[in-house]
Amino acid sequence: MNDRPLLQLALDVLDLDTATRVTQQTYSAIDVIEVGTLLCLSEGMHAVRALRDAFAEATIVADVRIVRAGKNIAEMAFDAGANWVTVVGEAPIETLGAALEVAYKHGGEIQVELHEGWTHHEAIHWRDMGIRQIILHSGVEVDPVGGEWSTQAMDTICELADIGFRVTATGGISAHSISAFEEVPVSIFIAGRAIAQAENPLAEAQAFQDAIEATYV
Ligand code: 5RP
Ligand code: MG
C-alpha cells in the first residue's frame, strides 16, 4: 500500500502574523508548511524567510506558481528558505528546466501543478527531466470545502503515481474527504481553509491526521 500521505497546511492568508499564528497552533500536527500564493503576493519572500526562521526544521513550499522567469523566481524562493517551489504545468519546458536546475542547486524540488489538457506523453517527459512531484488541483478555481472528488481525478492520481510521481491532492479537501481516497496513492494532502478557518485549527489538523491514519495505515 501507499506510504502514509503527508499533511500540508496551505497558508492562504494575507498577512504574516496570521500565517505564523496558525502555523504555531498546528505545527505539532502538520508535516509541510505551504506559503500560499496569496501570502507570497501580499508579503513577498519575506514571508518564506520569516517562516523558515521560526520553523527551522520544517519542510516549506513556496506556492509561487512560476509560469515564466523560472530561474529568477525559483532563486528568490529557495534563497528565502523554501524546500519546494511550485511551477504551473502550462509553463514552457525551458521554464520548468530552469526552475528545476535552481532546485537541484539548493537541494530542493519543484512541484508541477497539472494543467487542463496535460498529456501522458508530457508527464513522461517531465519525469525524464527529473521532476518528481505533481500537484493535482480538483478544479481550476476555488473549490467548496468538503466537495466531492471525481472518479476521473482519482484515476489521474493513480496514472501519475504509476508513472513514478509523488502526487499532491488539493482543492477543498476536508478531514471527511480523506476516506474517499482509499486505495488512491496520494503522497500529500493539502488543506487550507479547512484548517486555517477552523474554530480550533489544531484539532482540525489532528482530525486530518486521524483520517489519514484510518484510511492508509
Ligand atoms: C489553490 C491553492 C490552495 O492553497 C490549496 O488548494 C488549498 O486550498 P483549500 O484547501 O482552502 O481549498 O493553491 O489553488
Ligand atoms: Mg496553494
Side-chain angles (χ1 to χ4, degrees), residues 5-16 18-20 22-23 25-26 29-45 47-48 51 58-67 73-74 76-77 80 82-91 99 108-116 118 133-150 153-154 156-157 160 166-181 186-209 211-212:
L6 302 177
L7 175 62
Q8 177 170 322
L9 169 66
L11 296 164
D12 290 314
V13 295
L14 298 182
D15 67 285
L16 182 57
T18 307
T20 305
V22 176
T23 310
Q25 286 171 338
T26 56
I30 61 170
D31 303 301
V32 179
I33 300 170
E34 173 190 324
V35 186
T37 309
L38 297 179
L39 187 57
C40 288
L41 287 171
S42 69
E43 295 270 15
M45 291 302 98
V48 177
L51 287 160
T59 299
I60 297 182
V61 187
D63 192 10
V64 282
R65 292 204 162 102
I66 295 170
V67 63
I73 300 174
M76 287 168 64
N83 301 95
W84 302 338
V85 167
T86 59
V87 181
V88 295
E90 294 92 336
E109 293 188 30
I110 69 168
Q111 297 180 309
V112 175
E113 184 169 331
L114 209 62
H115 58 296
E116 291 276 302
W118 69 281
Q133 298 196 57
I134 297 283
I135 301 169
L136 180 65
H137 197 292
S138 65
V140 286
E141 269 300 331
V142 179
D143 305 289
V145 174
E148 274 193 24
W149 276 56
S150 65
M154 303 287 192
T156 298
I157 294 171
L160 292 165
R166 307 204 309 275
V167 184
T168 289
T170 188
I173 295 177
S174 71
H176 298 292
S177 315
I178 304 290
S179 60
F181 288 83
V186 173
S187 289
I188 304 172
F189 286 107
I190 304 181
R193 290 161 296 161
I195 293 177
Q197 297 178 6
E199 209 168 297
N200 184 337
L202 175 59
E204 196 55 36
Q206 194 53 59
F208 268 92
Q209 293 288 9
I212 289 171

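If you read the sequence from its start, that first residue is 1, and numbering goes on from there. In each ligand, atom 1 is the first atom listed, and ligand 1 is the first ligand listed.
- The protein heavy-atom contact nearest to atom 8 (O) of ligand 1 is Asp12 OD2, 3.9 Å.
- Counting heavy atoms from C-beta on, the side chains of Trp149 and Leu136 come closer than 4.5 Å.
- Closest to atom 5 (C) of ligand 1 among all protein heavy atoms lies Thr170 OG1, 3.0 Å.
- At least one heavy atom of Asp63 sits closer than 4.0 Å to an atom of ligand 1.
- Under 4.0 Å from ligand 1, not a single heavy atom of Val142 appears.
- For Gly171, the heavy-atom gap to ligand 1 drops under 4.0 angstrom.
- Of all atoms in ligand 1, numbered sequentially from 1 with element shown, those under 4.0 Å from a heavy atom of Ala191 are 10 (O).
- Checking Asp63 against the Mg ion (ligand 2), an N/O/S atom falls under the 2.8 Å cut-off.
- Nearest-heavy-atom check against atom 9 (P) of ligand 1 across Glu113, Gln197, Arg193 picks out Arg193.
- For the residue pair Thr20 / Thr23, no side-chain donor-acceptor distance below 3.5 Å is found, with atom types taken as modelled.
- Remark: distances from the non-hydrogen atoms of Glu34 to ligand 1 include one below 4.0 Å.
- Within 6.0 Å of atom NE2 in His176, 12 or fewer heavy atoms from other residues, nucleotides or ligands are found, so the atom counts as exposed in its surroundings.
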